[in-house]
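As the structure lists them, so they are numbered: ligands from 1, and atoms in each ligand from 1. Each residue takes its place number in the sequence, starting with 1.
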Amino acid sequence: MSDSSDSELSTEGGAARSLEQHIRQLRQQIPPSVRLIAVTKTFPAAAVRAAYAAEIRDFGESKVQEAAVKQAELSDLADITWHLIGHLQTNKVRKAVQQFDWIHSVDSLKLAEKLDQAAGELHRRPSCCLQVKLADDPSKYGFDLETLIAALPQLDQLTHLRIVGLMTILPYGLSETAQRKIFERARQLAEEINQRGFSQLQIEHLSMGMSGDFAVAIAAGATMIRLGTALFGRRDTSL
Ligand SMILES: *Cc1c(COP(=O)(O)O)cnc(C)c1O
């Protein structure tokens, strides 16, 4: 082995170890009851391994295909829980059901019905969050509040899905006060849904909070936060 490849290897090992340490430190600042989902979209399998070494077991990906490549590389890490957090096209529903334990981005009744059908056929029962849009932000997917309320009785009939959460994404650039209001609205909505006494549908999880707003989300009752940048640094946005 040449000197140069030797030093390259040790540099890489050092970077992975310092990433692991950084992730451990951040995890320690988050209440243990809050589930930390490490969002690894655009980052390589090595980033997953570093977070795994820091005892993270929940990983989030935005795209079914990108996740498939990483999951194949990481098949030795058998106890990872994979979360789909990005918009899902109906033609990728079967793959999503096969590859993911959680789907946070259920954003229409039609998608929920397709997921339910695929889950039944594949003998899977993914945990799901209903993605709801609680702020004016035309760029984001999600149920409108009224559409969601109207769809609840039908969503309650989907026996192959465990619909147990609400997910929301805030627009950029809100004040902390505005952020808090929206996150609290999500928590309130969960309580309202639960008071309706549906036979299956019971909201136990609030998937809310990203790198820029997770502290506010936790204070408002988030049970799952989805962190990318805060753990792994900035993504190459050209990807
Ligand atoms: C990318 C992404 C995240 C992570 O965003 P950061 O700001 O990097 O923490 C969380 N949730 C969803 C839905 C995302 O697409």
Side-chain angles (χ1 to χ4, degrees), residues 19 22-27 29-31 34-48 50-51 54 56-70 80-89 92 96 99-108 111-112 115 126-135 137-143 148 164-176 178-180 182-183 186 205-239:
L19 179 57
H22 166 71
I23 295 170
R24 272 185 199 282
Q25 279 166 6
L26 192 80
R27 173 69 264 196
Q29 292 160 28
I30 297 163
V34 174
R35 201 157 162 180
L36 170 59
I37 300 168
V39 176
T40 45
K41 64 183 183 200
T42 78
F43 289 106
V48 177
I56 304 291
R57 292 294 179 271
D58 291 285
F59 290 89
E61 286 282 338
S62 283
K63 295 182 180 158
V64 173
Q65 186 51 38
E66 183 188 341
V69 175
K70 265 175 246 183
I80 286 181
T81 297
W82 289 101
H83 301 255
L84 180 67
I85 60 169
H87 175 65
L88 177 59
Q89 293 166 304
K92 298 206 175 110
Q99 288 172 224
F100 289 92
D101 308 291
W102 277 79
I103 298 171
H104 291 239
S105 43
V106 178
D107 56 11
S108 71
L111 176 62
L115 282 166
S127 299
C128 295
C129 298
L130 303 170
Q131 183 177 350
V132 59
K133 213 164 34 171
L134 295 170
D137 186 357
S139 67
K140 292 276 162 37
Y141 293 100
F143 281 94
L148 176 62
V164 290
L166 294 181
M167 189 273 251
T168 200
I169 304 174
L170 298 195
Y172 289 108
L174 295 180
S175 70
E176 213 174 290
Q179 290 174 349
R180 192 172 58 240
I182 301 172
F183 288 140
H205 293 278
L206 294 172
S207 169
M208 56 190 199
M210 302 173 36
S211 294
D213 54 28
F214 69 91
V216 182
I218 291 170
T223 65
M224 304 177 116
I225 58 174
R226 310 175 307 269
L227 301 189
T229 314
L231 297 175
F232 302 110
R234 288 176 66 162
R235 286 179 293 280
D236 182 348
T237 48
S238 68
L239 290 175

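- Sequence neighbours left out, not one pair with a member in residues 205-220 passes salt bridge (Lys or Arg N to Asp or Glu O under 4.0 Å).
- Looking at His83 and Asp58, their side chains do bring a donor and an acceptor atom within 3.5 Å of each other.
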Show me a pair-per-line table, with atom names and distances to 0.1 Å, of protein N or O atoms that are under 3.5 Å from an N or O of ligand 1.
{"from": "ligand 1", "atom 1": "8 (O)", "to": "Thr229", "atom 2": "N", "distance (Å)": "2.8"}
{"from": "ligand 1", "atom 1": "8 (O)", "to": "Thr229", "atom 2": "OG1", "distance (Å)": "2.5"}
{"from": "ligand 1", "atom 1": "8 (O)", "to": "Arg235", "atom 2": "NH1", "distance (Å)": "2.8"}
{"from": "ligand 1", "atom 1": "8 (O)", "to": "Arg235", "atom 2": "NH2", "distance (Å)": "3.1"}
{"from": "ligand 1", "atom 1": "9 (O)", "to": "Ser211", "atom 2": "N", "distance (Å)": "3.0"}
{"from": "ligand 1", "atom 1": "9 (O)", "to": "Ser211", "atom 2": "OG", "distance (Å)": "2.5"}
{"from": "ligand 1", "atom 1": "9 (O)", "to": "Gly228", "atom 2": "N", "distance (Å)": "2.8"}
{"from": "ligand 1", "atom 1": "11 (N)", "to": "Arg226", "atom 2": "NE", "distance (Å)": "2.9"}
{"from": "ligand 1", "atom 1": "15 (O)", "to": "Lys41", "atom 2": "NZ", "distance (Å)": "2.7"}

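- Judged as a ring pair (Phe, Tyr, Trp, His ring centres under 6.0 Å), and not counting sequence neighbours, Phe143 has no contacts.
- At a threshold of 4.0 Å, the pair Glu66-Lys41 does not count as salt-bridged, since none of the basic side-chain nitrogens sits closer than that to a carboxylate oxygen.
- Atom NE2 of His104 is separated from atom CG of Leu130 by 12.0 Å, given to the nearest 0.5 angstrom.
- Each side chain to side chain donor-acceptor pair (under 3.5 Å) pair with one or both residues in residues 216-231, not counting sequence neighbours, appears once here: His205-Thr223, Ser207-Arg226.
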